[in-house]
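To start, the structure under review is shown below, and the notes come after it.
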Amino acid sequence: MYRGQSGMWSWLLHRITGLGVLLFLLIHVVDIGLLNFGSKVYNEGISLFGTAAVRVLSMALIGGLLYHSFNGVRIILIDFWPKGARYQGVMFAIVMALTIVSFLPMAYFVMGPVFGWPTGNLRGGA
Amino acid sequence: MNVLMRIRRFDPDKDNKPYWDEFRVEMDPIDRLLDALNTVKWTMDGTLTYRRSCAHGVCGSDAMRINGRNRLACKVLIRDIGNKVTIEPMLGYPVLRDLVVDMDAFFDKYKSIKPYLITTDSEPGTERLQSPEERARYDEGTKCILCGACTGSCPSVWGNPDWVGPATIVNAHRFIFDSRDQGGADRLAILGQRNGVWRCRTIFNCADACPRGIPVTELIEQVKRAIVYGGDTKVE
Amino acid sequence: MYYKFDVVIVGAGGAGLMAAMQLEGASVAVLTKVYPTRSHTGAAQGGVAAALGNQEEDHWKWHMYDTVKGGDYLVDQPAAEVLTREAIDAIYELEHRGLPFNRTADGRIDQRRFGGHTRNFGEGPVRRSCYAADRTGHMLLQTMYQSSIKNQVRFFNEYLVLDLLLNNGQACGVVAMEIRTGEIHTFHAKAVMFATGGYGRAWRITSNAFACMGDGMAIAYRRGIPLEDMEMYQFHPTGIYKVGVLLSEAARGEGGKLLNNEGEYFMERYMPTLKDLAPRDIVSRCILQEVHAGRGIDGKDYVYLDLRHLGAKVIEEKLPDITDFARNYLGVEPITEPVPIQPTAHYAMGGIPTDIDARVVIDPQWTPLPGFYAAGEVACVSVHGANRLGTNSLVDLIVFGRRAGKHMAKFIKESSHAPLPPEPESYSRELVSTMFASTGGESAARIRSALQNEMDEKVFVERDEKGLQEALDTLDRLQDTYTRVQLQDKGKKFNTELVEAIELGFLLECSEATIHGALARQESRGAHYRTDYPHRDDANWLKHTLAYKGAKAHDVRLDFKDVQMVDDPVFVPKERKY
Amino acid sequence: MRIPSGYGPRLSGAGGFETFSWYFFRISGVALIFLALIHIFLNHVATDVSCTSYQLVAMRYTNPFWRLYDWLLLTLALLHGMNGLRVVIDDYVRSRGWQLTLQSVAGLVTLTYFMLGTITLITFQTAGALGPGCLR
């Protein structure tokens with residue numbers, strides 16, 4: 001084992017979240033493909049997304065996507081901002097903070113319907 | 001101070017696979033880890049094998065993995081590691097014996113980016129002129145002692161030993177940004193390829209491992225930008 | 001295995017690589033015990049002197065005067081002339097090869113002051129040392145290695161040379177052990193060059209690398225070649241206390257001063273003109289005098305190097321490495337605290353005698369041994385005489401390494417391979433197999449430690465007859481014990497215990513020659529200070545010693561060689577004052 | 001201050017495919033941040049995921065903007081992601097045979113998914129009941 005510092009963990013997490021999101025994308029394209037089979041097939045397929053189990057997975061997806069997005073910005077800053085490399089550690093901390101801060105409300109909206117939390121948005125028939 | 005040393009051992013003549021060995025030594029807090037290794041070798045087990053030469057961090061012989069991070073054994077003080085230390089050979093290189101790794105491929109990679117001044121104009125009778133600012137532009141890279149700690153700390157190298165690795169790019173940087181050099185375009189072309197700079201994923205283990213304090217990743221990023229943007233034209 | 005090359009160079013430090021670079025088109029092998037960029041040239045910090053005159057008026061003749069006077073007139077003056085004249089061209093050659101010197105505002109090579117370098121024959125300090133921060137040696141070594149890559153020099157990395165092959169009075173190759181495999185190889189060559197460096201590991205407090213074990217000197221010595229002026233060993237005044245790692249003279253060149261326990265900058269008292277920039281032998285001795293007078297820090301055997309008044313900017317920018325050493329090895333912050341220092345074993349002025357073309361000469365009549373060359377610390381062209389000036393070591397490497405290369409280039413065109421002696425590997429194989437077979441139970445590490453203690457105690461900055469005699473007896477005993485060294489490690493591959501044991505043999509022989517020279521030379525000159533003969537004696541001792549190996553430590557035969565002078569009143573020996 | 005270096009003007013065609021790939025990651029990445037986050041916002045926050053239905057999609061797709069939007073998201077995400085996979089394979093698969101096999105499979109998957117997604121987006125007919133059909 002190599003005891004890398006934040007740079008290494010940020011990279012590893014970036015890779016894992018990237019591959020995770022890719023996996024989801026591949027599934028998602030298939031479920032979109034269900035549109036070709038008419039409304040009944042599609043609606044049955046897509047209703048899976050409303051189940052509690054898939055909602056948990058969706059949360060993981062959203063968390064991963066948020067991290068991957070923010071860290072992507074960090075990487076771009078490292079690449080194009082001449083001082084970026086010097087502030088990579090600070091930027092990693094900011095990335096983690098932003099990820100958590102933006103993840104929490106998203107998680108509330110995703111899991112809300114399961115627990116009957118008020119979200120104020122359009123929601124499927126309970 | 002009593003120090004427990006856990007050392008990864010491997011003798012190709014005897015062992016099928018590496019194993020852990022332990023030694024207890026009594027050291028002074030301001031002794032260096034290299035002194036502890038010497039104490040083991042000279043008083044306990046003569047078969048313990050490692051490289052060392054200058055013993056003060058300028059020759060680059062004794063890079064190894066100390067408590068999970070690449071360090072020079074001659075620059076790590078006992079008081080900073082405490083009572084227990086784990087020592088392993090660097091990752092990313094074939095192990096020859098105990099803590100000694102094969103660095104031939106490392107030097108071959110270094111050679112691949114033409115690490116020497118390339119000039120096409122004729123030599124002046126005295127020195128080529130270079131302003132202090134131009135000299136400062138590539139100063140960081142000149143500190144490299146080719147110890148290989150950065151390259152051995154890089155996950156991209158562990159995954160793909162063919163990759164040129166950070167040390168090579170640092171040395172390319174040293175010439176690319178030298179105002180006297182005229183081979184920069186060649187080097188950038190080499191580094192723009194599949195095993196060039198793009199395999200750097202800005203992981204920063206290299207910068208942490210560098211015993212000379214070179215901001216390795218930052219220099220690699222400058223090379224990337226040089227490939228993408230091009231550089232300033234040479235002053236006439 | 002058998003290899004055949006035009007030239008075999010042993011050692012990949014400054015001298016070896018500088019020579020290799022001159023041999024374009026020839027087949028050249030460079031054998032090195034460590035990877036080339038690990039050579040101890042890389043540890044040189046301060047600079048490399050040449051009278052470029054970039055900062056103020058300067059002349060090679062002033063440089064030559066300083067070299068001759070700094071060496072306490074034991075310098076062979078024609079060699080010093082070559083050294084200082086050609087230094088200028090050699091510096092430009094290195095700059096053209098890419099060496100990143102620090103620059104002046106107008107883009108030329110920057111130069112700074114260094115101990116013993118003066119303007120106008122001793123009037124005051126001059127800026128003569130070309131430098132690259134405080135890692136000049138590192139940059140020099142890197143640049144030369146890079147140049148050898150360009151020239152496609154063939155390197156044999158991690159090969160320990162065990163023997164020099166001679167046949168009919170001519171050098172014809174070397175035998176070496178490949179450390180990685182334990183195999184013995186013969187290298188057949190028209191010309192052999194030794195550039196193996198010094199033997200500073202004979203002392204405990206030393207600035208030298210573990211690799212500096214006197215390999216080349218001892219191998220030549222065993223083959224009947226004398227060692228010249230071995231008593232002339234330099235102790236650098238400012239080694240880090242207890243560790244020996246050097247704090248470069250550049251620190252004093254930039255304005256650092258030595259401080260005793262009374263808060264006095266004592267060099268001003270001893271040397272009113274050059275003060276802290278007096279030559280190293282003098283400064284080392286002044287430190288010892290302070291210590292003897294009870295003015296060492298805490299009454300111990302060290303003093304302070306004070307950099308505080310230079311300010312953080314100068315310290316960080318011009319002396320970054322040594323600042324790092326002080327922090328790392330002492331936990332001392334040079335910007336706010338003085339740094340504990342003591343004299344440390346540093347440099348062998350003596351070595352294998354050579355002429356100005358770096359050809360090895362084997363007797364007082366300057367008879368060359370055809371095909372055998374040496375340059376760098378291993379050699380004694382005697383440009384350093386009794387004491388080397390700071391920065392002149394790198395000058396020696398590049399000037400005489402270059403000359404060796406050029407002369408070999410000519411030599412190999414004019415001559416063919418001399419036949420190898422019968423069974424060329426027998427001596428080396430015997431050496432290794434004896435080591436493996438020994439059951440004597442002695443430990444090389446213990447013998448080395450005993451040697452170092454003895455040398456630190458009795459063959460240090462100050463010597464006397466009694467101490468040297470005792471040291472010789474000790475050495476005799478240690479050499480006897482050495483025959484019973486037993487290895488724990490019986491492996492063939494990367495057996496560093498074997499390497500260390502063989503190297504210890506080299507070290508013992510270099511020490512033996514050193515002690516003999518020191519015993520014989522009944523005067524004080526340069527680095528050689530005899531408390532029982534405290535004055536220089538030009539009537540009897542304006543000559544070099546040549547030590548020839550005998551059967552045992554006591555059996556060394558000494559011969560003497562006149563110091564060469566040039567016909568110029570400026571260089572006539574006179575009292576050395578600064 | 002601009003410090004001149006020795007390497008001269010910009011290289012023509014600097015570096016080839018790997019350079020392009022590196023650039024593409026960054027450009028597509030920036031675009032994807034907006035595309036993907038808005039997409040997620042629409043489907044998980046503005047309306048709950050349980051609202052998503054054939055009818056909702058149909059309603060949205062009456063406006064070609066959303067077809068284009070989704071197509072861009074699909075294309076960029078697929079290329080960004082699969083290029084990432086390619087890089088991972090390139091990093092960790094040392095055998096040339098396996099390397100070639102896996103890269104080909106990845107290429108094939110990319111093409112198939114791109115075709116599948118694109119065809120769906122183009123051919124989808126908005127017929128029947130439109131609207132979210134879910135409760136407030």
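Below, all heavy atoms of this structure are taken into account, side chains as well, without hydrogens, waters or symmetry copies. Note on naming: letters A, B, ... go to the chains in the order of the sequence lines (proteins, then strands), and numbering restarts at 1 for each one.
In this structure, no portion of A/Ser47 lies under 4.5 Å from any heavy atom of chain D. Contacts between A/Phe80 and chain D at a heavy-atom distance below 4.5 Å involve the side chain alone, from C-beta outward. Contact annotation for A/Leu26: both backbone and side-chain heavy atoms come within less than 4.5 Å of a heavy atom of chain D. Proximity to chain D (any heavy atom under 4.5 Å) is restricted, for A/Ile46, to the side chain, taken from C-beta onward. For chain D, the nearby part of A/Ser58 is the side chain; its heavy atoms alone come within less than 4.5 Å. A/Tyr42 touches chain D through its side chain: at least one heavy atom from C-beta onward sits under 4.5 Å away, while N, CA, C and O do not. For a residue to count as touching a neighbouring chain, one of its non-hydrogen atoms must lie under 4.5 Å from one of that chain's; by this rule D/Leu78 touches chain A with backbone and side chain alike. Only the side chain of A/Leu19 comes within contact range of chain D, with heavy atoms under 4.5 Å apart.
Contact check for D/Leu74 versus A/His28: no side-chain heavy atoms found under the 4.5 Å cut-off. Between D/Met82 and A/Leu25 there is no side-chain heavy-atom pair separated by less than 4.5 Å.
Atom-to-atom distance recorded for D/Thr120:OG1 and A/Leu34:CG is 9.0 Å, nearest 0.5 angstrom. Atom CG of A/Leu35 and atom OH of D/Tyr61 lie 7.0 Å apart (nearest 0.5 Å). Expressed to the nearest 0.5 Å, how far CZ of A/Arg15 lies from CG of D/Asp91 amounts to 4.5 Å. Note that the OG1 atom of D/Thr123 and the CG atom of A/Asn36 stand 5.0 Å from one another [nearest 0.5 Å].
Put simply, of A/Val30, A/Asp79, A/Val41, A/Leu66, the one with the most heavy-atom pairs under 4.5 Å next to chain D is A/Asp79. No other option in A/Gly50, A/Ser39, A/Ser69, A/Gly45 has as many heavy-atom pairs under 4.5 Å with chain D as A/Ser39.
Every residue two or more places apart in sequence or in another chain that forms a side chain to side chain donor-acceptor pair (under 3.5 Å) with D/Ser28 is listed here: D/His80. By the side chain to side chain donor-acceptor pair (under 3.5 Å) test, A/Ser10 is found to be paired with A/Arg74, residues two or more places apart in sequence or in another chain being considered.
Looking at every heavy atom in both residues, A/Phe109 comes nearest to D/His44 through CB-O, 3.7 Å. Counting all heavy atoms, side chain and backbone alike, D/Tyr54 lies closest to A/Gly38 at CE1-C, 3.6 Å.
Contacts with chain A (heavy atom to heavy atom, under 4.5 Å) involve no residue of residues 94-105 of chain D. Within residues 34-41 of chain D, the residues having any heavy atom under 4.5 Å from a heavy atom of chain A are, by residue number, D/Ala36, D/Leu37, D/His39, D/Ile40.
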With side chain to side chain contact (heavy atoms under 4.5 Å, CB included) as the test, would you mind laying out the steps for A/Val29 and D/Leu116 before giving the verdict? CA-CA 8 Å; A/Val29 173; D/Leu116 174 65; 4.0 Å; yes
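Heavy-atom neighbours of A/Tyr87 OH from other residues, nucleotides or ligands within 6.0 Å: at or below the threshold of 12. More than 12 non-hydrogen atoms from other residues, nucleotides or ligands lie less than 6.0 angstrom from CH2 of D/Trp66.
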